Amino acid sequence: MTRRPDATAETAETETAPDPGRDPGAEAGAEAGAEAAAICADLIRFDTTNRGEGVARPERPAAEHVAALLDEVGVAAEIVESAPGRASVLARIPGTDPSHPAFLVHGHLDVVPADASDWQVPPFSGEVLGGCVWGRGAVDMKGSLAMTLATVRARLRAGRRTRGDLVLAFLADEECTGEYGSRYVVREHRGYFEGCTEAISESGGFSVDTASPGDGAGARIYPVATGERGTAWMRLTARGTAGHGSKPAPDNAVAELAHAVSRIASYEWPVRLTPGVRALLDGLADALGTTIDHDRLDEEAVRLGRAGHLFAGTVRNSANPTRLEAGYKVNVVPGTASAQVDGRYLPGTGEEFLATVDRLLGPKVTREFINHEEAPAADPAGATFAALAGSLRAEDPLARPVPYVMAGGTDAKSFNAIGITSFGFAPLRLGPDLDYFGMFHGVDERVPVDGLAFGTRVLDRFLDTR
């Protein structure tokens, strides 16, 4: 049974007043913000749950909705399917200068599962309550898709195009490996991305308010992702001699695997300060007016609260055992045992990571990749990062953009493989009481309506630089 929050329902058209200093496009910007909330609510109502390993509800209905929204403003979008129902939307909007580089905006249509009994509102209702759009995908990442669609629609209605071609990709299957989404489109529809060298997507550009409750001090940090850890999902296998459970079993596959998994789980990975993480630490120290002790980063992450969350998971590699499988009967020693491990490694540390894993496994346990993708990185000192940061500051004078390395992974890895560098940039202005990280894959996921309006204004400014 669901519980409703103590709030009065509002319509998706709720909008804050535009900045009086905004240029003549402010009215169109306000309309785009209101439209983003409505599109977000509609997208949430498409249940695109992805349970992984090919078990997913089809993205096709949501893809058709997105394609129709683009068609309304003259964009000939193509729906491509990697398998029945596993659909992505691709579009390329010509710019004003054919010689200028194209730019990609990508995002995903699928979402992780949600148990309705845990939620205050039905997770696929798209309700607008208390100034927020509620539902699975509000943050990850149908709200971001909605901002992109609303911004693009407003610009095209006004006859405003980017200088280079603007490429849009709304993808299936990001919440698994991308095999049915980003990997498929870069392999089978690469022509859409010709001339693209840079992109923006999810997991960056959101505000992190560092002020204490009731205290006006602190800074409003906006982490812009310039990299993410690589992925090494592995299957471990131990082989031994099958036999009766009552007899000595010196070559026990289950025991060998258990020892190996225990060594991996208990290993303390060393701190590795990659250039991206150093840039984040320097940016945070400057924005917060403090020093960060690089020799005590675990303690510093706790001390800095929400700001510390930005680097707590990215100063070292990690390997977490997640699944175990062995045997079929209590009195039978099985001949094999297997486990799965979610490994993540920082840019430039892949070889070190795998060598450490192999040492921890020992000679009697083998590994194979379930999914292996290199860690992508972008330039935090380049022109594109500067343009992203400038767009945030233009809409929020208190914004302190900093480069950021993501602990997890996104479709950026697939595009990185064909030479497209992605920045994590889905801008949102959040209130201090809303935990953005807690919204990801969490219960009661929601996004502020005025945050979506802010994001459309920032995206519009940024696209003016493309």
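Just so it is clear, the structure is predicted and the values come from calculations on it, not from any experiment.
Residue pairs meeting the salt bridge (Lys or Arg N to Asp or Glu O under 4.0 Å) criterion with at least one member in residues 278-292, sequence neighbours excluded, are Asp286-Arg400. Residues in residues 166-175 take part in these salt bridge (Lys or Arg N to Asp or Glu O under 4.0 Å) pairs, two or more places apart or across chains: Arg86-Asp173. Here salt bridge (Lys or Arg N to Asp or Glu O under 4.0 Å) pairs that include residues 178-193, with residues two or more places apart or in two chains, are Glu179-Arg183, Glu179-Arg187, Arg183-Glu373. Pairs passing the side chain to side chain donor-acceptor pair (under 3.5 Å) check and including a residue from residues 419-430, sequence neighbours excluded, read His106-Ser422. Applying the salt bridge (Lys or Arg N to Asp or Glu O under 4.0 Å) rule to pairs touching residues 128-137 yields Arg136-Glu445, sequence neighbours excluded.
Taking the side chain to side chain contact (heavy atoms under 4.5 Å, CB included) definition, one finds that Thr322 meets it with Gln340, Asp342, sequence neighbours left out. In this structure Glu352 satisfies the salt bridge (charged side-chain N to carboxylate O under 4.0 Å, His left out) test together with Arg272, sequence neighbours excluded. Under the side chain to side chain contact (heavy atoms under 4.5 Å, CB included) criterion, Ala407 pairs with Arg229, Thr314, not counting sequence neighbours. Residues passing the side chain to side chain contact (heavy atoms under 4.5 Å, CB included) test with Val73, sequence neighbours excluded: Val75, Arg153, Leu156, Arg157. Remark: Pro94 pairs with Arg161, Asp165 by the side chain to side chain contact (heavy atoms under 4.5 Å, CB included) rule, at least two apart or across chains. When the ring pair (Phe, Tyr, Trp, His ring centres under 6.0 Å) test is applied to Tyr436, the partners found at least two apart in sequence or on another chain are Phe206, Phe440.
Here Arg155 pairs with Asp464 in a salt bridge; the nearest charged N to carboxylate O distance falls below 4.0 Å.
Note on ring orientation: taking the six-membered ring where Trp is involved, the planes of Phe462 and Phe425 are tilted (angle from 30° to 60°).
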Identify every side-chain donor-acceptor pair in residues 377-387 under 3.5 Å, counting partners at least two apart or on other chains, and give the distances.
residue, atom, partner, partner atom, Å
Asp379, OD1, Ala381, N, 2.8
Asp379, OD2, Gly382, N, 3.4
Thr384, OG1, Glu198, OE1, 2.5
Thr384, OG1, Glu198, OE2, 3.1
Thr384, OG1, Arg466, NH1, 3.4

